[in-house]
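See below for the structure under consideration.
Keep in mind that what you see is a predicted model, and the values were worked out from it rather than measured. All values below come from the heavy atoms of this structure, side chains included, with hydrogens, waters and symmetry mates left out.
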Amino acid sequence: MEDNKEAQEAQATSLITPLRVALVFGAILIVALGYLRMQEPPVEEMPVYFEIPQFTLTDQDSADFGRNSMEGKIWVADFIFSNCPAICPLLTAKFKALEQQTADWEGTKGAERIRFLSISVDPRNDTPEVLKKYAEKYKANLDRWTFLTGAPADVAQLLKTGFKVATVEGVSEENVDKVADGEILHVEHFALVDHLGRVRGYYAQDSESQAKLKRDLRRLLAEVDS
C-alpha cells in the first residue's frame, strides 16, 4: 500500500512539474511581448498636405471629369503621356498591378472605394481618342481607372496648384509652367488622395515606397470606416 501511495505521489508530481513550467514560461512570454510592444515605435499619423481644388478636364471618352467625380473616393494619380518611350510604360504597368491588387481587398471595398487617375502631361497630343487607345493597349479597367487630358493651361494649373508636383523631387516649378507651352514633364511619383480630396502622400517607384503606398491605401480605407 505504501509503495502504491508513493507511486501515486510520484505520478502527480510528474504531472504538476510540466504544468508549472508551462505556466512560468507563459508568464515570461506575456511579459516579454508586453515589453516588445512598449519598445515598438508608435505608428506615425499620415500627413495631410493640402486639398485638391475643383478642376475640370476631359476623360478618355470625351466626357467632362472633375474633382466632384471622385466624391467620397480614395484615389491614386500618376502623370504620364502616351508616346513616352522611357518611364511612362513602367508607371502604367505598376499602376495596373496596383489597380488589380486593390480590387480584391476586403471583399468589394477596395473595388468600390479606390480609383486611379492617369493625367497626361502632354495634353496637346494626348487627345481623348489617343488616351482611349493607350488604355486599351494596357487593358486598363476603365470602371476604376480614368485617363485625363484637357486644355494645356488647365492641366498645368492642376499640376501646379492642385497636386503641386513642383514640390516633388526632381520636378521644378519652371518645368510645370512649361506644360502650358507644350513642354513635356516627367513626374515619377504617384500621388495619394483621400476621400475628402486631400493629398496624403507622394510615392517613388522603389519597392519600399510602393509597399508604403499599399499600406497607406489600407489605412485610408480604415479612415473611411471609422
Side-chain angles (χ1 to χ4, degrees), residues 47 49-70 75-99 115-140 142 144-194 197-206 209-210 212-213:
Y49 289 112
F50 40 78
E51 188 173 338
I52 299 289
Q54 296 295 336
F55 65 89
T56 301
L57 293 178
T58 306
D59 71 13
Q60 71 281 339
D61 294 318
S62 299
D64 287 345
F65 188 100
R67 202 195 108 168
N68 290 341
S69 304
M70 305 300 279
W75 27 306
V76 187
D78 73 346
F79 311 92
I80 52 92
F81 59 104
S82 62
N83 61 355
C84 171
I87 188 67
C88 296
L90 173 63
L91 297 179
T92 302
K94 288 192 175 184
F95 229 48
K96 179 177 180 179
L98 186 62
E99 186 276 317
R115 293 291 183 271
F116 297 84
L117 293 185
S118 287
I119 301 169
S120 173
V121 293
D122 184 17
R124 293 176 185 273
N125 295 308
D126 282 341
T127 63
E129 294 77 17
V130 169
L131 289 180
K132 186 69 174 282
K133 289 179 181 178
Y134 186 80
E136 291 170 352
K137 175 182 176 181
Y138 284 93
K139 297 180 173 60
L142 296 180
R144 304 180 69 217
W145 187 354
T146 303
F147 293 78
L148 296 180
T149 187
D154 293 341
V155 172
Q157 186 71 9
L158 179 60
L159 295 177
K160 183 176 179 180
T161 63
F163 286 97
K164 299 185 181 179
V165 293
T167 64
V168 174
E169 182 183 353
V171 179
S172 71
E173 191 165 339
E174 180 183 1
N175 286 338
V176 173
D177 289 337
K178 288 180 179 179
V179 171
D181 298 324
E183 297 283 344
I184 295 175
L185 173 72
H186 280 91
V187 182
E188 298 183 9
H189 290 64
F190 294 162
L192 176 60
V193 184
D194 67 16
R198 304 173 301 180
V199 173
R200 304 295 294 271
Y202 292 97
Y203 305 83
Q205 297 306 308
D206 60 276
S209 297
Q210 290 297 300
K212 185 176 187 303
L213 171 56

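In this structure F50 satisfies the ring pair (Phe, Tyr, Trp, His ring centres under 6.0 Å) test with no other residue, sequence neighbours excluded. By the salt bridge (Lys or Arg N to Asp or Glu O under 4.0 Å) test, D194 pairs with R198, R200, sequence neighbours left out.
Judged purely by atom type and a 3.5 angstrom limit, T92 has no side-chain atom pairing as donor or acceptor with the backbone of P89. The backbone N or O of E183 lies less than 3.5 Å from no partner atom in the side chain of D181, so there is not a single donor-acceptor pair.
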Side-chain donor-acceptor pairs of residues 158-169 under 3.5 Å, sequence neighbours excluded:
from, atom 1, to, atom 2, distance (Å)
K160, NZ, D177, OD1, 3.2
T161, OG1, Q157, O, 2.9
T161, OG1, Q157, NE2, 3.3
T167, OG1, K164, O, 2.7

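Distance check, rounded to the nearest 0.5 Å: CD of Q205 to CG of L91 gives 5.0 Å. With rounding to the nearest 0.5 Å, the separation of CG in L98 from CD in Q210 is 7.0 Å. Remark: T56 OG1 to N68 CG distance equals 8.0 Å, nearest 0.5 Å. Atom CG in D122 sits 10.5 Å away from atom OG1 in T127 (nearest 0.5 Å). For the atom pair K96 NZ and S118 OG, the distance stands at 12.5 Å (nearest 0.5 Å). The distance from atom OG1 of T58 to atom CG of D64, rounded to the nearest 0.5 Å, is 5.5 Å.
Defined by atom type and a distance below 3.5 Å, a donor-acceptor pair is present between the side-chain atoms of S82 and D126. For E174 and S172, the side-chain atoms include no donor-acceptor pair closer than 3.5 Å.
Within a 6.0 Å radius of CD in E99, other residues, nucleotides and ligands contribute more than 12 heavy atoms.
Side-chain contact between F65 and M70 is present, with heavy atoms from C-beta onward closer than 4.5 Å. Residues S120 and F147 form no side-chain contact, since every pair of their non-hydrogen atoms from C-beta on lies 4.5 Å or further apart. For the pair H186/I87, a side-chain contact is recorded, criterion being any heavy-atom separation below 4.5 Å from C-beta on. Between K132 and E136, some side-chain heavy-atom pair lies under the 4.5 Å cut-off.
Annotation for A153 and A180: closest pair CA-CB, 4.1 Å, computed over non-hydrogen atoms. The two residues G150 and P123 come nearest to each other via the heavy atoms O-CB, 3.3 Å. Contact between L142 and A135 at its shortest, heavy atoms only, is CD2-CB, 3.9 Å.
Between Y134 and Y138, the two ring planes are tilted [angle within 30° to 60°].
The only member of W75, Y203, F79, F95 that meets ring-ring contact (aromatic ring centres under 6.0 Å, His included) when paired with F190 is F95. Each of L148, L57, L185 was checked for a side-chain contact (heavy atoms from CB on, under 4.5 Å) with V155, and the lone residue meeting it is L57.
Remark: R67 engages E51 in a salt bridge, criterion side-chain N to carboxylate O under 4.0 Å.
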